[in-house]
Every structure is written in C-alpha cells, then in structure tokens.
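Reviewing the structure listed below.
In what follows, residues are counted from 1 in the order of the sequence shown. Since this is a predicted model, take the numbers as computed values, not measurements. Values reported hereafter were calculated over all heavy atoms of this structure, with side chains retained and with hydrogens, waters and symmetry mates removed.
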Amino acid sequence: AVGAGLVVVAGDLKVAPTPTAWAAEVRQTLDVGGQTKDVDAPAAKFEEYRDVPKNVLINRYTLEASAEKGRLDIDARDLLREDRRITLKSDYRRKVSVDILWDQAPHRFASGDISKTLYSQPSPGVFTLDTALKTKNQGLMDNFAKKYSTQAYTDSLNAALLNATPAELKFRNDTGRVGVKINPTDDVTVRVGAGQTARTGTRSIGAALGFSGAIELPAPVDDVTRDASLGLEYATKKFQAQAGYAWSQYDNNITSLIWDSPKRLTDQTYSGAYSNADGSARGRMPVPGDSLTQRLNAVVGVSDLPWHGRV
C-alpha cells in the first residue's frame with residue numbers, strides 16, 4: 001500500500017518576446033509535491049521497475065520556447081527519483097533538428113533484508129567462502145560410502161547462514177542518446193546518431209557444481225553497449241537513394257564467474273562426484289564476452305515509370 005501527499009503545480013510562466021532576431025515565447029511548467037509510503041509486501045517487488053521514494057518529488061518540468069527561427073522543448077520527469085527521464089528536442093528553420101535523451105531504469109530483484117549470502121567477493125566475479133566452513137563440511141564426508149551426511153551438512157550450512165551478509169540484488173540501466181537530422185536541401189537528409197547504455201549492479205545467477213549442488217551467486221553486472229550511425233538520403237519524385245552505416249560495441253567488465261564449493265576444500269574424483277556435486281572445490285563459468293558489430297546498407301529506387309512502374 002502506498003499513500004501520496006499533496007501535489008502542488010506551479011507553472012505557465014510566459015516570457016514576452018524581445019525585439020531581436022531570436023525573439024521567443026517561453027512557457028514553463030513545474031509539478032512538485034511530496035509522498036509517503038507504507039509497504040506491506042516485499043519492497044523489491046513493489047519497486048521492481050520504478051523508484052517510490054518517501055520525500056519531496058519533482059514530478060515534471062517542461063520548457064517550450066518557440067521563435068521564428070526555431071523551437072526548443074525540454075521535458076524532465078521524476079528528477080529526484082532513480083527512474084528519471086529527460087528529453088530535449090530542438091529545431092532550427094526545419095533544417096537542423098536535435099534530439100537528446102537521458103533515461104534511468106532500475107531493476108530490483110531482492111533487498112538486502114531478504115537476500116543474504118555466505119560468499120565474499122575479493123574481486124569482481126570471484127566468490128570465496130570461509131576456509132573453516134569448507135574444511136568442516138569436507139570432514140563430514142563418509143570416506144567409505146563416498147556420501148555426505150545430508151543432515152549434518154544441512155545443519156552446518158544453517159548455522160553459517162545465521163551470520164550471512166546482506167546481498168542486495170539490483171542493477172540499473174543508464175541510457176543516453178543523441179540524434180541529429182540535417183536537411184541542407186529539400187531533397188537531401190543527413191542523419192547522425194550515437195548512444196550508450198550502461199548497466200551496473202548485482203543480480204542472482206545459478207552456479208551449480210553438479211546435479212545436486214544448486215548455488216545462487218550475487219553476480220556483478222558491469223557492462224556497456226555503445227552505438228553510432230550515419231545515414232544519407234536523397235529523394236526526388238523520380239529517384240530515391242539511401243545509404244547508411246551502423247556500429248555497435250558491447251564491453252563486459254566482468255570476464256568470468258569463479259566460486260568456491262561449500263562442500264569441498266580440495267578436489268577429489270570418483271564415479272558419483274558430479275551427481276553429488278562434491279568433486280570440485282571451485283567452479284568457473286563464462287559470461288557474455290565483448291563483441292563488435294558493423295553494418296552497411298544501401299537502397300536505390302526509381303519511380304514514376306510508365307504504367308505506374310517502380311523499381
């Protein structure tokens with residue numbers, strides 16, 4: 001459940017044009033207020049894709065400026081929240097237009113009061129367990145039966161979990177984009193664009209060491225995707241041509257995931273080691289690697305042919 005406070009709207013500020021070449025009419029709006037909340041469900045689920053703060057809010061600010069030579073529009077939403085979004089659009093004599101976007105989008109899986117872990121992370125992507133815990137659990141093995149005492153092992157982990165550390169599971173997408181369109185003539189259009197999306201945070205990932213060794217790790221998320229594009233268009237009544245280039249690169253700052261087994265301090269092998277998940281003392285798995293994509297395209301068309309033909 002959530003309760004919202006009083007929202008106050010202030011705006012509609014008009015600035016009279018001045019006798020200059022850039023005389024403009026400016027209109028601004030500001031929507032501010034306050035909010036309180038009372039959550040009776042898991043907080044991470046309630047705020048999974050949005051931020052619901054308990055404080056003063058700036059819900060929206062807009063600015064519209066228009067003049068003979070061009071126009072500028074700014075729209076900023078939720079400025080004091082983690083899921084804020086800001087757009088800027090401008091146009092000059094319908095010859096040059098610019099679009100700019102900044103967008104933040106959180107994704108929460110579990111808060112630290114719910115999600116806990118026995119692992120520590122001395123470096124990104126490397127998870128270690130207390131040596132004493134691994135030594136104790138390895139000693140619970142029956143060397144003759146090659147089988148763990150299930151209850152003793154469970155009791156050992158339950159005791160260790162009493163001192164587990166909080167592990168908040170969430171990451172955020174930060175996206176920035178800019179696009180420019182230029183029309184030097186009525187027949188020619190040039191488009192240039194660039195953008196970046198960065199993800200940082202933590203998410204849960206399965207990291208088993210065998211059929212019966214289910215483990216969840218608070219895996220780090222730290223990657224960025226960058227892209228850029230360039231396009232040229234020429235269009236008349238009888239002829240159309242389009243050419244473009246697009247570039248995209250993905251960089252992952254986490255190279256792999258490595259984790260300790262809670263059952264083993266040292267490696268061993270026997271016929272049932274994989275089924276019992278008590279062979280390897282450490283696991284390792286890859287993560288999505290860096291990549292680069294480039295694309296070229298070209299299209300040519302001829303119209304206004306006989307019999308309403310078009311190629």
Side-chain angles (χ1 to χ4, degrees), residues 1-14 26-65 71-90 97-117 121 124 165-179 193-205 218-227 250-254:
V2 61
L6 178 65
V7 174
V8 179
V9 180
D12 290 341
L13 171 62
K14 294 186 177 181
V26 180
R27 182 174 182 269
Q28 302 178 73
T29 64
L30 178 63
D31 182 348
V32 300
Q35 178 174 272
T36 185
K37 65 179 178 180
D38 181 18
V39 181
D40 53 12
K45 191 64 179 177
F46 178 69
E47 298 181 306
E48 184 172 2
Y49 295 105
R50 60 178 180 171
D51 191 20
V52 185
K54 185 179 179 180
N55 52 21
V56 175
L57 303 176
I58 299 180
N59 296 317
R60 189 178 184 184
Y61 168 76
T62 64
L63 181 146
E64 300 174 1
R71 181 178 180 87
L72 172 66
D73 294 298
I74 298 176
D75 189 348
R77 299 171 181 258
D78 305 320
L79 288 178
L80 298 182
R81 290 165 51 171
E82 195 172 6
D83 54 333
R84 64 180 61 93
R85 179 183 178 91
I86 303 171
T87 60
L88 182 150
K89 297 182 179 182
S90 67
S97 62
V98 178
D99 291 336
I100 299 176
L101 166 70
W102 174 258
D103 182 81
Q104 295 180 185
H107 190 175
R108 297 178 176 88
F109 301 94
S111 58
D113 57 341
I114 296 176
S115 176
K116 300 181 183 298
T117 183
Q121 193 174 178
T165 57
E168 185 176 28
L169 301 176
K170 77 166 188 176
F171 64 83
R172 195 179 76 188
N173 293 285
D174 293 343
T175 301
R177 304 201 64 81
V178 59
Q196 173 177 295
T197 298
R199 302 192 310 163
T200 55
T202 305
R203 65 187 178 95
S204 175
I205 190 170
V221 177
D222 186 5
D223 57 34
V224 59
T225 303
R226 301 178 180 89
D227 62 83
Y250 171 79
D251 293 313
N252 193 345
N253 295 318
I254 308 301

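- For the atom pair K170 NZ and T200 OG1, the distance stands at 9.0 Å (nearest 0.5 Å).
- A heavy-atom distance below 4.5 Å is not found between the side chains of Q196 and D174.
- By the 6.0 Å and 45° rule, R199 stacks over the aromatic ring of F171.
- Each of L88, L72, D73 was evaluated against L63; a single residue qualifies, L72, per the side-chain contact (heavy atoms from CB on, under 4.5 Å) test.
- Judged purely by atom type and a 3.5 angstrom limit, T197 has no side-chain atom pairing as donor or acceptor with the backbone of T225.
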- [ ] For salt bridge (charged side-chain N to carboxylate O under 4.0 Å, His left out), just list the numbers for R85 and D78, CA-CA rounded to whole Å, side-chain angles, deciding distance to a tenth of an Å, and then say yes or no.
- [x] CA-CA 7 Å; R85 179 183 178 91; D78 305 320; over 6 Å; no

Open item on the list: Run the side chain to side chain donor-acceptor pair (under 3.5 Å) test on T29 and T62 for me, step by step, so that the C-alpha distance in whole Å, both residues' side-chain angles and the decisive distance to 0.1 Å come before the verdict.
Closed with: CA-CA 5 Å; T29 64; T62 64; 2.3 Å; yes

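- Closest heavy-atom contact between R203 and F109: CB-CE1, 3.9 Å.
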Open item on the list: Does D75 form a side-chain contact (heavy atoms from CB on, under 4.5 Å) with R60? I'd like the steps, not just the answer.
Closed with: CA-CA 7 Å; D75 189 348; R60 189 178 184 184; 2.8 Å; yes

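- To the nearest 0.5 angstrom, D99 atom CG is 7.5 Å from S90 atom OG.
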- [ ] Walk me through it: do D227 and R177 pass the test salt bridge (charged side-chain N to carboxylate O under 4.0 Å, His left out)?
- [x] CA-CA 9 Å; D227 62 83; R177 304 201 64 81; 2.7 Å; yes

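- When all heavy atoms of N252 and D222 are compared, the pair lying nearest together is OD1-O, 3.4 Å.
- With values rounded to the nearest 0.5 angstrom, K116 atom NZ is found 8.0 Å from T165 atom OG1.
- R71 approaches E64 most closely through the heavy-atom pair NH2-OE1, 3.9 Å.
- Counting only heavy atoms from C-beta outward, the side chains of L57 and L80 never approach each other to under 4.5 Å.
- When all heavy atoms of P124 and Q121 are compared, the pair lying nearest together is CA-OE1, 3.5 Å.
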TODO: Step by step, work out the side-chain contact (heavy atoms from CB on, under 4.5 Å) result for L79 and I86.
DONE: CA-CA 8 Å; L79 288 178; I86 303 171; 3.9 Å; yes

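- When each of T117, T202, V221 is paired with L169, the side-chain contact (heavy atoms from CB on, under 4.5 Å) condition holds for T202 and for no other.
- Between V98 and V178, the shortest heavy-atom distance links the atoms CG1-CG2, 4.4 Å.
- Rounding to the nearest 0.5 angstrom, the gap separating the CZ atom in R81 from the CD1 atom in I58 is 12.0 Å.
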